[in-house]
Structure formats: C-alpha cells, structure tokens
Student: 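Can you keep this structure in mind? I'll have questions shortly.
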Amino acid sequence: MSSIKAPRGTADILPADSWKWQSVESIARQVARLYHFQEIRTPIFEYTELFHRGVGETTDIVSKETFTFTDRGGDSITLRPEGTAGVVRAVIENNLIAQEGSRAKVFYIGPNFRYERPQKGRLRQHWQFGVEAFGIAQPEQDVECILLQLDFYRRCGLKDFVLHINSLGDAESKTRYRDALVRFLTPQKSSLSEDSQRRLTENPLRILDSKDPRDVEACKGAPPAVDSLSDRSRAHFQRVQELLQGAAAFEANANLVRGFDYYTETLWEVTAPGLGAQNAIGGGGRYDNLVETLGGRPTPGVGFGAGIERLLIALDAQQAQLPDPRGPLIWLIAHGPAARQACWDLLRELRSAGIAADIDLSDRSIKAQFKQADRESAKLCLILGDDELKNGQVTVKNLGTGEQSSIPRVELIERMRSMIPDF
RNA sequence: GUGGUCGUAGCUCAGUUGGCAGAGCACAAGGUUGUGGUCCUUGGGGUCGCGGGUUCGAGCCCCGUCGACCACCCCA
C-alpha cells in the first residue's frame, strides 16, 4: 500500500518550526494592535467572479494560477489567490464602509492559493499577513501601512531588507504611462523576448519587470512612470517620499510594477537577500478604485501583503533570532511504582496551577527519563522516588546548571511559581 | 506551462565494469538497580520514490510515471 503524500507545492509545518510561526503571527498581531488595525477573517474561497472583477481577468494570477472548481450547486468557486479582494468584498457586504466618510483599518493572517510550479520561496499554498486601510486618500495612510510593514519585519529580527517604491498614479496617469511605454517599445519590438512581444499588447507594464536580458536592454531609457503622473498624483507621490524621509530608507524604483490590476498611485515592495530568485517578501499599494469596482460606495484604500514563508526563509538566511513563545517546561521523573502515582498527582497539580509539565509514561529507567527531559528542553526536573516519598520532599534539578536541591512537597507549587519566571 | 539537477535507513549521504544493502548522526538497551547534555559496548531499523523492460542476476542500464530542488513565467 503506497502512502499518501501532501499535494504538490504544500508543506507541513512541524513542531520543530511551528513555534516560529506562532512567534511571527504574535508579532504581526502586536504590531497591528499598535497601529490600531483590527483583525478580519474572511473565507478562503469566494465566488470566482470576485477575483475576475477585483484582481483582473488578464492578470497571470487570475487567468492561469487559480484553484477553481464548480461546487455541487453549480457555482464557480475559487480558492483565494490573494487577500485584498475578499477583504474588500467583506467590508462592503458588512457595511463597514457604507457611509460617506467611513473608515476601516483591518488586518488578516491566512493562506492564499496559486496553482504554480513550486520553487524556492514559492508554494501552492502560502500564508500572508496583510493590512487594508479604507476611507483615507491622504498619503499619510500609504506611509502608515509601509511603516507598519517595516516595523513588523524589524520586530521579527530582520535587519537586511530594502523598500522599493513607485507610483503609477490615478487611472488616467496609468493609461498615459501605458501608452508612453508602448510608444517607446514598439519600434524595438523585434528585439524583445517572445513573452514581452505578447505583453506589449496585453500588459506592457510587465515588460519593465522582465529578467530577460533583451528586455532589460530594451527598457533602458524607457520613460519613467512619474513622467506620466497627473499633478495630483505627482504631489501625492512626492508627499509619500517626504513622509518616508527620516522614517525609513527607501529606493524609488521606476521599474517597479505589480501583478494586480487594481493598484493606483503608490506601490511598494520589500526585498530581502537569501531567497533566491523570489526575493520579494511583501508588497502593497493603493487601490482607490477597487471598492467601487466591487460594487461599494467609492472609497479609497491602501494595504499590503507580507509572505510568511518568505519572511521565515529570509530570517533564517540572516540568522535572526525570533522570540520563542514557548514557556519553560518542567519534567517529572519517577522512580518506582509508588512514586509514579505520586508524580501523576503532582503533574495534575502543576498543570492546574498553570505550570507546563510533562512526564514519560512508559516506565523507563531514570537515565532514559533524564535523557528525554534534556531532549525536550525542559528547564527543571522534579524527581520523586522512595526516599523523597518517605521524607515528604521533592528533588529539584536545574538542567541548565546541574544544580540539585530538595523542596518540601507541600511548598512545591508555590516554589515552582516563583522559580518559573526566571527561565 | 517550459527547462535543468536529483530521489538509497528517521536525517545527511557513500555504494567501483551490473554480482550478499553500507557509514555517520539520530533512536533503543546496557556500562551506572536514583541522574541528562561527554564517553564506551550492543541492538533495532530498507518496497534503493513508484511501475514496466533488458539480463543468469538491476540501487546501478533503458522507458514511463510521481515527487523534490533550482531557474523561466509570475508572485509572497
């Protein structure tokens, strides 16, 4: 009988690593709280149409990377490939931004699904921490999101990363830029890569992002997006950069474009070394027309998504130390049947008192029990045998220092309570 | 979807022109009948990814397939 494996492009998060996830998620929640973003949880699947209208029919993500199926009732369902569309749908549907002047600042942590060929830093299911801020068109809102994201990375211990920013401007600016780019690139169409020749009509902005040397060469001297910005968009982007001055290092990158159609004005991406070719650990931007596109009252919005797997890879590459959310563990060691019963009682008492404790239940040698305590990274061992039972004592061994002492059984819980915070 | 590299013990990997399935680490027991993290001894562990073919004989050669890794595309 062959064993069943996890589907391609998925990964189990095992005990050896799950504490890192808890740590990152806890930091994400903490940072969100500091910036006053509240959690929203939306379904991991939506009606397919949401992503077609929201993310864009012609984007690669929607046109060829979705997990889409027909449910038993005949509706087309898609596993979400990104977080923003579902959140926008939810805030519209639940009237969070129903009125003139409504604001909402929300964050989410959850999985996204894209049917792609896996490689380093790229899976078919990946997790993102993301935030969305609705109702504020001012550049301060863009910068608040950016600073939140960078704060998140710093608190996770990430040191080496780069913030890239660009602006495509409002819808008119975007069209103007697109036309300018097509005008610039069309004369040299034959020297572009095959992919980019196709993009020239479908999605010319993406050509700027190509890694093909022919495209990189062709894009030299291309008009930057900022040249096509309207006065309002130019001022907005200018103000974003002013607000970032002194708050965060950034690089204005005229070639930065992103894969969703809904972006307007500011967009940004954070890259980090150690990730191979997929070096973006998170990105975001403003989407002032998306709420209206999805049937809501016209409301500006801005937000980002930060990939958790990629962050963990980058942290690993930089040998960053995440705070370990696991508290200290006490290990009980029993010698003899009477002591085993006493340990069982003690174990229940410790846990009732809120102290994490465990014991080997397989009746093994003292040596084996110590060995396991060590392997489980216990801080203290409590040893109970015939001697201790007779004297009403418990032997306490500090596994870090090897020191050992006796504590009266009746005082044990209180003594543990006072010792635990030191670990 | 395209291309390259690779699948042998729980992990990292050796395995010669095709000829008995190996090492280190890890794990278990013992050395020490009450003491881990060092040391010594012993031991248990294998559908050589899966399926087919060639051969007296396949981990090794051939075909197919699945998966992993890396890159393209795209993105977190």
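For clarity, every value in this text was computed on a predicted model and none was experimentally measured. When reading the values below, keep in mind they use all heavy atoms of this one structure, side chains included, and skip hydrogens, waters and symmetry mates. Letters A, B, ... are given to chains in the order of the sequence lines, protein chains preceding strands, and every chain is numbered from 1.
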Student: Output the rounded distance in Å from CG (L380(A)) to C1' (rG37(B)).
Tutor: 15 Å

Student: When all nucleic acid strands are considered with a 4.0 Å heavy-atom cut-off, which category describes K367(A): base, sugar-phosphate, or nothing?
Tutor: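 Base contact - K367(A) has a heavy atom under 4.0 Å of at least one base atom.
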
Student: With distance as the sole criterion, do the side chain of D374(A) and the base of rG36(B) form a donor-acceptor contact below 3.5 Å?
Tutor: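 Such a pair exists between side chain and base.
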
Student: Counting any heavy atom closer than 4.0 Å, what does L123(A) reach on the DNA or RNA strands: base, sugar-phosphate only, or nothing?
Tutor: base

Student: Pick the closest RNA chain B nucleotide for H126(A) and for T10(A) by heavy atoms, then say which residue is nearer the 5' end.
Tutor: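 Per heavy-atom nearest nucleotide, the more 5' residue is T10(A).
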
Student: Across the strands shown, which category fits D387(A) at heavy-atom distances under 4.0 angstrom: base, sugar-phosphate, nothing?
Tutor: base

Student: Indicate, with a heavy-atom threshold strictly under 4.0 Å, whether R364(A) touches base, sugar-phosphate, or nothing.
Tutor: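 Result for R364(A) = sugar-phosphate.
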
Student: Which of the following nucleotides, rA76(B), rG37(B), rA71(B), is nearest to the side chain of K120(A)?
Tutor: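 Output: rA71(B).
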
Student: Start at the 5' end of RNA chain B and walk down; is the nucleotide closest to Q278(A) or to T401(A) reached first?
Tutor: T401(A)

Student: Output the rounded distance in Å from CZ (R206(A)) to P (rC74(B)).
Tutor: 6 Å

Student: Checking only heavy atoms, does the side chain of K397(A) share a donor-acceptor pair with the base of rG36(B) at less than 3.5 Å?
Tutor: yes

Student: Given a 3.5 Å cut-off on both pairing distances, which stems involving RNA chain B, each at least three consecutive Watson-Crick or G-U pairs, are present, if any?
Tutor: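 As far as RNA chain B goes, consecutive pairing (with distances under 3.5 Å) yields the stems B:1-7 with B:66-72, B:10-13 with B:22-25, B:27-31 with B:39-43, B:49-53 with B:61-65.
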
Student: Heavy atoms under 4.0 Å, any strand shown: does G130(A) hit a base, just sugar-phosphate, or nothing?
Tutor: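 No contact.
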
Student: So which nucleotide from rC72(B), rA76(B), rG36(B) ends up closest to the side chain of A277(A)?
Tutor: rC72(B)

Student: Describe the nucleic acid contact of F260(A) in one word from base, sugar-phosphate, nothing, applying a heavy-atom distance below 4.0 Å.
Tutor: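 Here F260(A) touches the backbone only, sparing every base.
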
Student: Just compare rG67(B), rU35(B), rC72(B) and give me whichever is closest to any side-chain atom of K5(A).
Tutor: rG67(B)

Student: Can you find an N or O donor on one side and an acceptor on the other, under 3.5 Å apart, linking the side chain of R310(A) with the base of rC75(B)?
Tutor: yes

Student: Could you state the interatomic distance from CG (L382(A)) to CG (L332(A)), rounded to the nearest 0.5 Å?
Tutor: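 It comes to 5.0 Å.
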
Student: Checking all strands, does I308(A) fall into the base, sugar-phosphate, or nothing category for heavy-atom contacts under 4.0 angstrom?
Tutor: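 If one applies the 4.0 Å heavy-atom cut-off, I308(A) turns out to touch nothing in the nucleic acid.
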
Student: Would you mind classifying the nucleic acid contact of R375(A) as base, sugar-phosphate or nothing, using non-hydrogen atoms under 4.0 angstrom?
Tutor: sugar-phosphate

Student: CD1 of I313(A) versus P of rC70(B): gap in Å, rounded?
Tutor: 8 Å

Student: Can you check whether R117(A) has a side-chain N or O nearer than 4.0 Å to OP1 or OP2 of rG3(B)?
Tutor: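 Checking R117(A) against rG3(B): no side-chain N or O falls below 4.0 Å of OP1 or OP2.
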
Student: Establish, from distance only, whether the side-chain atoms of D227(A) and Y177(A) form a donor-acceptor pair under 3.5 Å.
Tutor: no

Student: Any chance the rings of F260(A) and Y262(A) have centres within less than 6.0 Å?
Tutor: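 When the ring centroids of F260(A) and Y262(A) are compared, they turn out to be within the sub-6.0 Å range.
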
Student: Any base atoms under 4.0 Å from A280(A), or only sugar-phosphate, or nothing? Heavy atoms, all strands.
Tutor: sugar-phosphate

Student: Would you measure the distance from the P atom in rG15(B) across to the matching atom in rG53(B) and give it in whole Å?
Tutor: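 It works out to 29 Å between them.
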
Student: In terms of relative ring orientation, are Y287(A) and F134(A) parallel, tilted or perpendicular, with 30° and 60° separating the classes?
Tutor: perpendicular

Student: Can you figure out which of rC75(B), rC69(B), rG36(B) approaches the side chain of L399(A) most closely?
Tutor: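 The listed nucleotide nearest to L399(A)'s side chain is rG36(B).
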
Student: Base, sugar-phosphate, or nothing: which does E388(A) touch, judged by heavy atoms less than 4.0 Å apart?
Tutor: base

Student: Between rA29(B) and rA71(B), how far apart are the P atoms? Round to whole Å, please.
Tutor: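 Their P atoms lie roughly 43 Å apart.
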
Student: Answer yes or no for R124(A) and Y115(A): cation-pi contact, defined as NZ/CZ to six-membered ring centre under 6.0 Å and angle to ring axis within 45°.
Tutor: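 Cation-pi check for R124(A) and Y115(A): passes.
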
Student: Looking at W21(A), Y153(A), F152(A), F37(A), which one forms a ring-ring contact (aromatic ring centres under 6.0 Å, His included) with F129(A)?
Tutor: F152(A)

Student: Does rC72(B) have OP1 or OP2 under 4.0 Å away from a side-chain N or O of K211(A)?
Tutor: yes

Student: Classify R124(A) by what it touches in the nucleic acid, base, sugar-phosphate, or nothing, heavy-atom distance under 4.0 Å.
Tutor: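 Answer is nothing: R124(A) stays at 4.0 Å or more from every strand.
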
Student: Can you list, pair by pair, the side-chain donor-acceptor contacts under 3.5 Å of residues 366-381 of chain A, counting residues two or more places apart and other chains?
Tutor:
{"from": "Q369(A)", "atom 1": "OE1", "to": "A334(A)", "atom 2": "N", "distance (Å)": "3.0"}
{"from": "Q369(A)", "atom 1": "NE2", "to": "A334(A)", "atom 2": "O", "distance (Å)": "2.9"}
{"from": "Q369(A)", "atom 1": "NE2", "to": "R364(A)", "atom 2": "O", "distance (Å)": "3.0"}
{"from": "Q372(A)", "atom 1": "OE1", "to": "R364(A)", "atom 2": "NH2", "distance (Å)": "3.1"}

Student: Looking only at side-chain N and O atoms, does R8(A) come under 4.0 Å of OP1 or OP2 in rA68(B)?
Tutor: yes

Student: At under 4.0 Å between heavy atoms, what does S210(A) touch on the DNA or RNA strands: base, sugar-phosphate, or nothing?
Tutor: sugar-phosphate

Student: In whole angstroms, how far is the C1' atom of rU35(B) from the CD atom of E376(A)?
Tutor: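 Rounded to whole Å, this separation is 17 Å.
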
Student: Of the candidate nucleotides rA71(B), rA76(B), rG67(B), which contains the atom at the shortest distance from the side chain of Q119(A)?
Tutor: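 The nucleotide sitting nearest to the side chain is rA71(B).
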
Student: Taking the same atom, C1', in rC20(B) and in rA58(B), what whole-Å distance lies between them?
Tutor: 14 Å

Student: Considering only atom C1', compute the distance from rC60(B) to rG19(B) and round it to an integer number of Å.
Tutor: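 Pairwise C1' distance, rC60(B) against rG19(B), rounds to 11 Å.
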
Student: Under 4.0 Å between any heavy atoms, over every strand shown, what does G336(A) touch: base, sugar-phosphate, or nothing? Just pick one.
Tutor: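 Nothing: the residue G336(A), judged by heavy atoms under 4.0 Å, touches no strand.
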
Student: Roughly how many Å apart are rC25(B) and rU42(B), using the P atom of each and rounding to a whole number?
Tutor: 13 Å

Student: Given the C1' atoms of rA76(B) and rU38(B), what is the spacing between them in whole Å?
Tutor: 45 Å

Student: Would Q125(A) and T10(A) count as a side chain to side chain donor-acceptor pair (under 3.5 Å) if you check the C-alpha gap in whole Å, the side-chain angles of each, and the deciding distance to 0.1 Å?
Tutor: CA-CA 6 Å; Q125(A) 171 175 337; T10(A) 64; over 6 Å; no

Student: For Q372(A) and rC27(B), give me the distance from atom CD to atom P, rounded to whole Å.
Tutor: 11 Å

Student: Should the side chain of E116(A) and the base of rA76(B) be counted as holding a donor-acceptor pair, with the cut-off at 3.5 Å?
Tutor: yes

Student: Rounded to whole Å, please give me the gap between CG in D195(A) and C1' in rA71(B).
Tutor: 14 Å

Student: For a quick check of understanding: with a heavy-atom distance under 4.0 Å over all strands, which category does R114(A) fall into, base, sugar-phosphate or nothing?
Tutor: base

Student: Rounding to an integer number of Å, can you tell me how far K371(A) NZ sits from rG31(B) P?
Tutor: 13 Å

Student: With distance as the sole criterion, is a donor-acceptor pair present between the side chains of T264(A) and D170(A) under 3.5 Å?
Tutor: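 Side chains of T264(A) and D170(A): no pair found under 3.5 Å.
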
Student: What's the CG-P distance between D261(A) and rC74(B), to the nearest Å?
Tutor: 14 Å

Student: Taking atom P in both rG45(B) and rC40(B), what distance in whole Å separates the two?
Tutor: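 Comparing P positions in rG45(B) and rC40(B) gives a spacing of 24 Å.
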
Student: Verify whether one side chain among S362(A) and D360(A) offers a donor that lies under 3.5 Å from an acceptor in the other.
Tutor: yes

Student: So, does the side chain of Q369(A) form a donor-acceptor pair with the base of rU35(B) at under 3.5 Å?
Tutor: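 No, the side chain and the base share no sub-3.5 Å donor-acceptor pair.
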
Student: Within a reach of under 6.0 Å around CZ of R348(A), are more than 12 heavy atoms found that belong to other residues, nucleotides or ligands?
Tutor: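 Atom CZ in R348(A) is not packed in, count stays at 12 or less.
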
